[in-house]
Each structure stands twice: as C-alpha cells, then as structure tokens.
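Written out below as structure tokens is the structure these notes cover.
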Amino acid sequence: MAKVRWNRERHRPNRVMAFFIVIFVYWRHLMSNVSDVPYIESELYRIRHSAAHVMAEAVLAYFPEARLAIGPPIEDGFYYDFDLGKDENGKPITFSPEDLDTIENKMKELLKQNAVFEQSTKSVADALAFFAGQPYKQELIEELAAGKVDENGNPVSEAVSEVGIYQHRNFVDLCRGPHVPATRNIKANAIKLLRSGGAYWRGDENKPQLQRIYGTAWHNKVELDAYLKRLEEAKARDHRRLGKQLGLFHISQLVGSGLPLWLPKGTVLRETLEGFLRQAQLERGYLPVITPHIGKLDLYITSGHYPYYKDSQYTPIDVDDEKFMLKPMNCPHHIEIYRSEARSYRDLPLRLAEFGTVYRYEQSGELNGLTRVRGFTVDDSHLFVAPDQLEEEFIGVVDLIQHVFKTMGFDDFRARLGTNDPNSDKYAGSPEMWQKGIRAIRHAADRVGMAYTVEEGEAAFYGPKLDFIFRDVLKREWQLGTVQVDFLLPERFDLEYTGADGQKHRPVMIHRAPFGSMERFVGILIEHFNGAFPLWLSPVQAVVIPITDRHVEYAKQVATKLRAAGLRVEVDADNARMNAKIRNAQLQKTPYMLVVGDAEEENNAVAVRTRENENRGAMPLADFITHATSLVQTKAMGL
RNA sequence: GCCGACGUAGCUCAACUGGCAGAGCAAUGCUCUUGUAAAGCAUAGGUUAUGGGUUCGAUUCCCAUCGUCGGCUCCA
C-alpha cells in the first residue's frame with residue numbers, strides 16, 4: 001500500500017515533503033467521490049511513474065554517461081536519482097537549474113512523440129548482463145534475486161528468478177510498473193520539474209550521493225496549475241516569513257543558528273499557550289517544578305541518555321574538575337526531584353510539570369525556523385505512578401492532550417503507537433519491559449476508544465509511546481503531543497516508594513508533552529492559522545484607530561478601559577490617515593480595529609471592524625468589551 | 001554533516017559582459033486633520049556577510065569561513 005510506504009516521510013517536519021503530502025491528500029479527497037482506488041492503482045500513479053521514465057530518457061539525452069538508480073512516483077509527483085559521474089577535478093557532476101529547464105523541454109518534446117510502454121521480463125542472469133554498466137540496477141537485481149529488499153527498501157517476500165522490464169523507444173528500465181499505455185497519456189503541459197538536490201543511494205549517508213530530480217505530473221494543466229498555486233500559498237504562510245512580518249520571533253546570526261529570540265508579540269502568544277496549559281494541569285493535579293539548564297555528565301550517564309544520544313548532545317562544559325551538560329532532556333532532573341525525599345504510595349501519582357528548555361545539537365542542514373531548533377522548551381511532565389495506576393494515568397494524559405488539541409481547534413488528528421524495532425540496538429531495557437509498556441498503552445487506548453496505528457521503530461529509547469499527529473488546514477501532518485511509558489529510568493535511578501504493605505516498590509514513569517515543544521508548536525500554529533490567531537491567542541487583540549489627532553485622547557481612554565478588562569490593545573496614534581492605519585492592522589492580522597472619531601467620542605462608543613473585512617459599525621464600548629472578553633474566555637475561534 | 005543555489009539599507013529587491021551602489025516600503029522631520037486596505041514633501045540610512053587573492057580598478061572573477069534556502073541524512 002502506498003499509504004504504508006510513505007509513512008516515514010509523512011512524519012518528517014520537512015517542508016517540501018509536507019507539500020507532497022498536501023497534494024496527495026488533497027488529490028485523494030478530490031478523487032474520493034469519483035473512485036476509491038488506492039493511489040498505487042490510480043492513473044495518476046501510472047502517469048507519474050511513466051513521467052519518471054521519460055525524465056530519465058531526457059537526462060540520458062544530455063548525460064549519456066549517467067547511471068540510473070531509482071525513479072518512483074511519490075505523493076504529488078515523482079523523482080529519479082542519477083549518478084552523473086565526476087568531472088575532471090574529481091567532483092561529482094550535478095544538475096544546474098538550467099539543466100532542469102533543458103531536461104523539462106526535452107521531456108515535453110519526447111512526450112509528443114508517441115511511444116508505447118512495453119512490458120517484458122528477463123531472467124536474473126539476462127538482466128544482470130543487460131544492465132552491465134548500470135551498477136545500481138545490478139545491485140537492485142541482485143537484492144531481488146536474493147529475496148532481500150525491493151527498490152524502495154521494502155522487504156521482498158521471496159527471491160525472484162525473473163525481473164520486470166519496461167521499455168519505450170530505446171529507454172529500457174528495470175521496473176515492475178505499472179505504466180500508462182503510451183507517452184501520449186501524459187500531457188506535456190501537465191508536468192513540471194521542480195528541483196534537484198543530492199540524495200544518498202538507498203538513503204544511506206555512507207553510500208554514494210546521487211543527484212535527484214523532483215518533478216510533478218497531473219492529469220491536465222488545470223490540475224498542475226492548481227498544485228503550483230497551492231505551493232505558492234503554502235509558501236506565503238511559511239512561519240519564518242510570517243514570524244518576521246508579524247514580529248513574533250527573530251533568529252540572530254550573532255546569537256546563533258537554531259536559537260530563536262522571542263519578540264514581545266511572540267512571547268505573548270507563547271505565554272498565553274503556557275498559561276492555558278498550566279491551568280489545565282493545575283486542574284488535573286500536576287505540580288510545577290523548575291530545574292536548571294545544565295546538569296552533571298554523570299546524571300546523563302546514569303539515565304542512559306549520554307551513550308545513546310551522544311551525537312546530538314553538546315560537548316560537556318568543564319567546570320572546575322567536573323563536566324556538565326547542557327540538558328538534552330528534563331527527565332533526569334525531575335527524577336532527582338522524585339528522589340529528594342522518601343516516597344510513599346500515598347504520594348503517587350506524582351505529576352511534576354515544567355516548561356523545560358533543552359538543548360540538542362542538530363546538524364546545520366536540519367535547522368528550520370521554529371520547527372527545528374537547537375534550543376527549545378518542552379511542555380514537559382513526568383508522572384511517577386504505581387504500576388496499578390499506570391493505565392488510569394495514561395488515560396488521564398490522553399484526555400489532557402485531546403483537551404488541548406480541541407481547544408486549539410485541532411479537530412483533525414490521529415494517534416500512532418511507536419514500538420521498538422527488535423533488530424535495532426537503539427533501544428534499552430528488557431523485552432518484558434517493552435511488552436508491558438506496549439500492552440498498557442494498547443489497553444488504555446482501547447478503553448478510551450482511541451484508534452491508532454502501530455509503527456515499529458518509532459519508540460523512545462526507554463519505552464514505547466503514543467504520539468498525536470495533527471493535520472493542519474493544508475492537510476500536512478505534524479507530530480505534536482506525545483505520551484511515553486517508561487519502566488527503564490525508574491530502574492536506572494533505582495526509584496522506589498513504600499507501599500501499603502510496608503515494602504519497597506518501583507514506580508513506573510510516564511513522560512508526556514501535549515504541545516511537544518513550544519517553538520515547533522508555535523511554528524505550526526502560525527502556519528495553521530496563517531498568522532490570524534484566534535482572539536484569545538492574538539498578541540494584539542484590538543487596535544484603536546483615532547481618525548484625527550483630536551481623537552487620540554479618547555482613543556487612549558478606550559485602550560485603558562479595554563486593558564482593564566484584560567484585553568491586549570494598542571493605540572495607533574501615528575501621523576497617518578485612518579485608511580493607512582486600517583491597512584497596517586489588516587496586514588498585522590489584528591482581530592479588531594476600533595475606529596474612533598467625533599461620533600464615537602460623543603456616544604462612548606467604538607466603530608468595530610474585523611480583520612475579516614467586516615465593518616460592524618458603532619457599538620457602545622461596554623458592549624464591545626463584553627463581546628470580546630467572552631470570546632477570549634471561551635477561547636472561541638470566531639470574532 | 002553531504003550535494004546545490006544564494007548572501008547588496010531594518011524589510012522586499014535593482015545595478016549589461018569588472019568602471020563613482022539605486023528604488024519602494026519602514027524610520028525621522030514638516031505639511032495636511034482625514035470615516036473603513038497605502039496623503040504629500042524632505043532627511044537620514046551601506047567597509048555590498050566576513051577574511052584573503054587576481055586586477056590600474058571587484059557588489060561583479062577566484063579561494064576560505066560564516067549564514068540562509070532547497071534536497072539528502074538525522075531528530076530523545
């Protein structure tokens with residue numbers, strides 16, 4: 001199933017892949033009324049697969065020495081990987097942007113000459129001989145013959161003796177199809193090459209780096225144009241762009257990459273979110289704690305973080321004769337709070353919560369605005385529970401996360417159970433622990449009737465987890481909230497409590513974060529709402545606009561009253577015309593513009609305009625305050 | 001980290017093959033006192049990311065470093 005195959009990519013917070021997802025899902029939505037065939041069986045899939053072949057044919061016209069790797073259809077298009085060899089200096093030959101234009105034009109020319117896609121098979125031996133000089137194809141054939149993995153790295157059920165071949169004109173490729181009948185089934189004006197870039201053979205950074213070209217292909221030009229327009233729209237709501245325009249955050253080169261500075265407006269937004277969660281946690285019996293940003297290296301050696309994640313932690317800091325780490329996680333610190341006194345079963349469940357800032361080394365090429373940073377704040381909590389409380393507490397956390405998501409207006413989300421990969425050494429603890437954790441999560445999810453998918457290899461190193469994956473208005477998926485069950489750290493730190501029986505018992509830990517990280521969450525919020533946040537989250541909820549200088553005094557009085565009612569207000573007293581002030585407020589996506597002139601001043605009123613271009617006319621100030629404060633209180637989405 | 005593109009005023013962008021670095025917006029000052037998406041005039045703003053090199057002369061060509069963007073890889 002295509003759905004499964006692309007799953008890994010779906011969860012990467014990667015912009016371009018996200019775009020692929022957008023279109024794929026949008027397309028499926030469009031087509032859902034027409035037919036329910038899976039993507040892999042659809043005509044669009046065949047068009048894209050065939051377009052990849054034609055692209056390879058076009059590349060060979062200009063780079064006859066190119067060696068072909070793989071060229072599959074993907075969510076909204078296709079790609080093909082090539083090894084173009086090296087130049088005289090020994091540097092890999094790459095595609096220039098001009099090359100893409102040339103190749104695209106060649107493709108269009110080739111598409112117009114109608115060529116039939118013909119399928120055949122070759123024995124493994126014949127195929128190896130035929131693809132002599134194509135080492136990547138040979139490797140694929142050998143792996144198929146050995147019954148290992150197919151071209152997408154998926155396990156093959158059994159060894160094959162024959163491989164599929166597709167040919168059109170002189171272009172022959174190892175391929176199991178399916179394809180469109182002939183090149184005329186691909187419209188030349190419905191394809192476009194989008195970008196090129198390096199890509200490791202088989203996705204392995206220890207293997208050669210190939211040159212990948214991404215393209216997109218659709219049934220017709222209308223669909224292509226709609227897709228390109230969608231890409232533009234997504235670009236316009238990029239949180240990095242909006243963050244700058246709306247004055248939410250700034251990344252200074254002098255402070256450092258991946259270390260965002262929160263500007264006043266961004267801080268108001270973030271603190272509002274934090275305040276909301278603090279309140280929700282207070283109601284659920286969480287206890288606040290605060291811990292420092294560094295801790296001794298030994299702490300992380302004890303916890304096991306250091307050996308497992310050495311590569312993504314900063315080098316220890318030498319202080320006197322000891323080494324300290326910038327904390328990569330909050331749990332060890334919270335564990336030390338648990339251990340600060342003798343615990344009894346009466347203390348449990350103990351729910352310690354902190355907006356804890358952590359630092360992780362991310363490779364420079366991975367940084368991205370607020371969604372991928374090197375220092376970020378987790379809305380963290382660790383629940384220390386007795387084994388028989390585990391399920392109940394887990395359900396409580398799931399309930400909290402659902403509450404948070406629903407309040408944000410996030411209706412479209414799903415859950416994913418991440419389990420360990422038994423073949424990987426990435427995971428600590430005994431198989432029994434893992435089974436116990438997974439069983440507890442499944443049981444809890446079943447009890448609350450929560451559907452989830454299971455993905456092997458998506459667990460934390462210390463235990464299985466349930467992730468909440470949110471789909472934004474552009475239908476992109478983001479992993480946000482997470483709940484993790486942990487039997488390991490309590491053991492590593494030898495945690496215990498005295499039970500009613502007077503004996504020592506070991507607690508279980510639950511790690512959880514509804515937002516995930518404040519940085520990423522705000523980044524996603526910006527894009528989801530396109531910067532037009534619900535009133536309760538808007539950094540500036542209303543701007544008072546005096547029509548002339550003589551109305552500034554009244555405008556200030558209005559602002560004072562609004563502030564007294566708890567609203568965030570600005571007065572635009574600039575020497576500018578009202579129209580310009582309205583325009584500015586619109587561009588800042590300020591929810592309400594309150595225009596005040598002679599008429600309003602006389603009647604103690606404000607003329608209400610919304611960012612939705614709705615002019616509601618004059619209204620008594622008291623009425624506006626009642627209206628706005630009630631919307632804030634209920635965290636309403638509308639204005 | 002790897003491959004590629006790029007880095008000019010606070011922001012968005014110009015400057016043909018090397019020949020005195022420019023515009024709009026924003027900022028500041030003045031005039032206008034305005035009724036629902038941009039009033040007018042003026043002023044100021046730059047070691048063209050940083051450091052080397054080639055050249056009579058470098059924003060432009062070359063090298064290195066840093067950073068941004070797009071891919072890849074990674075992501076507790």
Side-chain angles (χ1 to χ4, degrees), chain A residues 11-17 79 81 84 91-97 99-100 194-214 238 240-241 244-245 250-254 256-258 300 303-305 308-309 311-313 327-331 358 360-369 371-374 378 380 426 458-463 465 479 482 484 486 511 513 517 520 545-552 575-587 593-600 607-611 613-618:
Chain A
H11 308 137
R12 285 183 194 147
N14 169 301
R15 306 201 51 74
V16 166
M17 285 314 297
Y79 68 80
D81 287 345
L84 302 181
K91 287 196 66 176
I93 299 173
T94 60
F95 293 110
S96 70
D99 290 337
L100 289 201
L194 299 172
R195 60 184 68 84
S196 64
Y200 299 109
W201 169 236
R202 308 228 113 163
D204 182 342
E205 61 182 322
N206 299 312
K207 293 196 164 137
Q209 192 163 40
L210 310 171
Q211 298 302 314
R212 175 173 298 178
I213 300 179
Y214 283 102
D238 187 315
R240 291 167 296 188
R241 178 191 171 113
K244 191 178 279 188
Q245 280 171 10
H250 173 65
I251 295 175
S252 151
Q253 293 193 15
L254 199 51
S257 301
Y300 301 102
S303 71
H305 291 106
Y308 278 91
Y309 297 104
D311 291 344
S312 52
Q313 288 168 171
K327 71 175 170 189
M329 291 192 105
N330 298 304
C331 15
V358 297
R360 298 175 191 176
Y361 173 74
E362 303 283 354
Q363 298 189 111
S364 57
E366 296 163 343
L367 300 174
N368 180 288
T371 56
R372 196 74 189 273
V373 293
R374 284 177 171 165
V378 182
D380 222 347
K426 244 178 79 179
E458 288 288 340
F461 86 90
Y462 47 70
K465 59 179 183 170
Q479 187 205 305
T482 181
Q484 306 165 0
D486 179 6
H511 308 237
S517 100
R520 179 175 290 180
I545 299 178
I547 290 177
T548 77
D549 289 350
R550 70 174 179 277
H551 305 117
V552 170
N575 180 14
R577 289 170 58 198
M578 177 199 66
N579 290 295
K581 294 179 184 180
I582 286 175
R583 181 180 148 82
N584 282 338
Q586 287 286 153
L587 292 175
M593 283 145 267
L594 306 177
V595 177
V596 295
D598 291 336
E600 288 73 25
V608 179
R609 180 198 162 97
T610 72
R611 67 182 166 206
N613 269 323
E614 183 193 355
N615 185 351
R616 292 189 185 160

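Residue numbering restarts at 1 for every chain, and letters A, B, ... go by the order of the sequence lines.
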Measure [atom1]/[X] against [atom2]/[N] and give the value in whole Å, please.
{"X": "A/Tyr79", "N": "B/G70", "atom1": "OH", "atom2": "C1'", "value": "16 Å"}
{"X": "A/Leu84", "N": "B/C3", "atom1": "CG", "atom2": "C1'", "value": "11 Å"}
{"X": "A/Asn368", "N": "B/C74", "atom1": "CG", "atom2": "C1'", "value": "14 Å"}
{"X": "A/Leu100", "N": "B/G4", "atom1": "CG", "atom2": "C1'", "value": "11 Å"}
{"X": "A/Asp81", "N": "B/C3", "atom1": "CG", "atom2": "C1'", "value": "12 Å"}
{"X": "A/Trp201", "N": "B/C2", "atom1": "CH2", "atom2": "C1'", "value": "18 Å"}
{"X": "A/Glu205", "N": "B/C74", "atom1": "CD", "atom2": "C1'", "value": "7 Å"}
{"X": "A/Glu362", "N": "B/C72", "atom1": "CD", "atom2": "P", "value": "16 Å"}

Between [M] and [N], how far apart are the [atom1] atoms? Round to whole Å, please.
{"N": "B/C2", "M": "B/U48", "atom1": "P", "result": "29 Å"}
{"N": "B/A58", "M": "B/G19", "atom1": "C1'", "result": "10 Å"}
{"N": "B/U8", "M": "B/G67", "atom1": "P", "result": "16 Å"}
{"N": "B/G51", "M": "B/A37", "atom1": "C1'", "result": "47 Å"}
{"N": "B/U34", "M": "B/A39", "atom1": "P", "result": "15 Å"}
{"N": "B/C75", "M": "B/G18", "atom1": "C1'", "result": "46 Å"}
{"N": "B/G40", "M": "B/C56", "atom1": "P", "result": "50 Å"}
{"N": "B/U36", "M": "B/A14", "atom1": "C1'", "result": "35 Å"}

Base, sugar-phosphate alone, or nothing: which one does [X] contact when heavy atoms must sit under 4.0 Å apart?
{"X": "A/Ser364", "result": "base"}
{"X": "A/Tyr200", "result": "base"}
{"X": "A/Pro92", "result": "nothing"}
{"X": "A/Gly203", "result": "sugar-phosphate"}

Just wondering, do [Y] and [X] contact through their side chains at under 4.5 Å, heavy atoms?
{"X": "A/Asn613", "Y": "A/Gln586", "value": "yes"}
{"X": "A/His551", "Y": "A/Thr548", "value": "yes"}
{"X": "A/Thr610", "Y": "A/Arg616", "value": "yes"}
{"X": "A/Val596", "Y": "A/Pro546", "value": "yes"}
{"X": "A/Arg550", "Y": "A/Asp598", "value": "yes"}
{"X": "A/Gln363", "Y": "A/Leu367", "value": "no"}
{"X": "A/Asn368", "Y": "A/Arg240", "value": "yes"}
{"X": "A/His305", "Y": "A/Lys327", "value": "no"}

Check against side chain to side chain contact (heavy atoms under 4.5 Å, CB included), A/Ser196 and A/Leu100: CA-CA 8 Å; A/Ser196 64; A/Leu100 289 201; 4.2 Å; yes
Closest-nucleotide 5' rank along RNA chain B - winner of A/Gln211 and A/Leu367: A/Gln211
Polar atom pairs between nucleotides 6-13 of chain B and protein, under 3.5 Å, N or O only, would you list them?
none

Candidate pair A/Arg202 and A/Asp204, rule salt bridge (Lys or Arg N to Asp or Glu O under 4.0 Å), full reasoning: CA-CA 5 Å; A/Arg202 308 228 113 163; A/Asp204 182 342; over 6 Å; no
Test side chain to side chain contact (heavy atoms under 4.5 Å, CB included) applied to A/Ser517 and A/Arg372, step by step: CA-CA 10 Å; A/Ser517 100; A/Arg372 196 74 189 273; over 6 Å; no
Closest non-hydrogen atom pair between A/Asn615 and A/Gly617, with its separation: OD1-N, 3.0 Å
Who pairs with [N] - Watson-Crick or G-U, where each distance is under 3.5 Å:
{"N": "B/G24", "answer": "B/C11"}
{"N": "B/G51", "answer": "B/C63"}
{"N": "B/C72", "answer": "B/G1"}
{"N": "B/G46", "answer": "none"}
{"N": "B/G19", "answer": "B/C56"}

Gap separating the CD atom of A/Glu600 from the CD1 atom of A/Ile547, nearest 0.5 angstrom: 6.0 Å
OP1 or OP2 of B/U68 under 4.0 Å from side-chain N/O of A/Arg241: no
side-chain N/O A/Ser96 vs B/A5 OP1/OP2, d < 4.0 Å: no
Between the protein and nucleotides 42-52 of chain B, which nitrogen or oxygen pairs are less than 3.5 angstrom apart?
none

No-H, no-angle donor-acceptor pair, A/Gln209 side chain to B/C2 base, under 3.5 Å: yes
Side-chain donor/acceptor of A/Arg372 to base of B/C74, under 3.5 Å: yes
Of the listed nucleotides B/C3, B/G67, B/C75, the one nearest the side chain of A/Ser257: B/G67
Trace of the side chain to side chain contact (heavy atoms under 4.5 Å, CB included) decision for A/Ile251 with A/Val373: CA-CA 10 Å; A/Ile251 295 175; A/Val373 293; 5.6 Å; no
Where protein sits on nucleotides 33-38 of chain B, one letter per nucleotide: B base, S sugar-phosphate only, - none, heavy atoms under 4.0 Å: BBBBBB
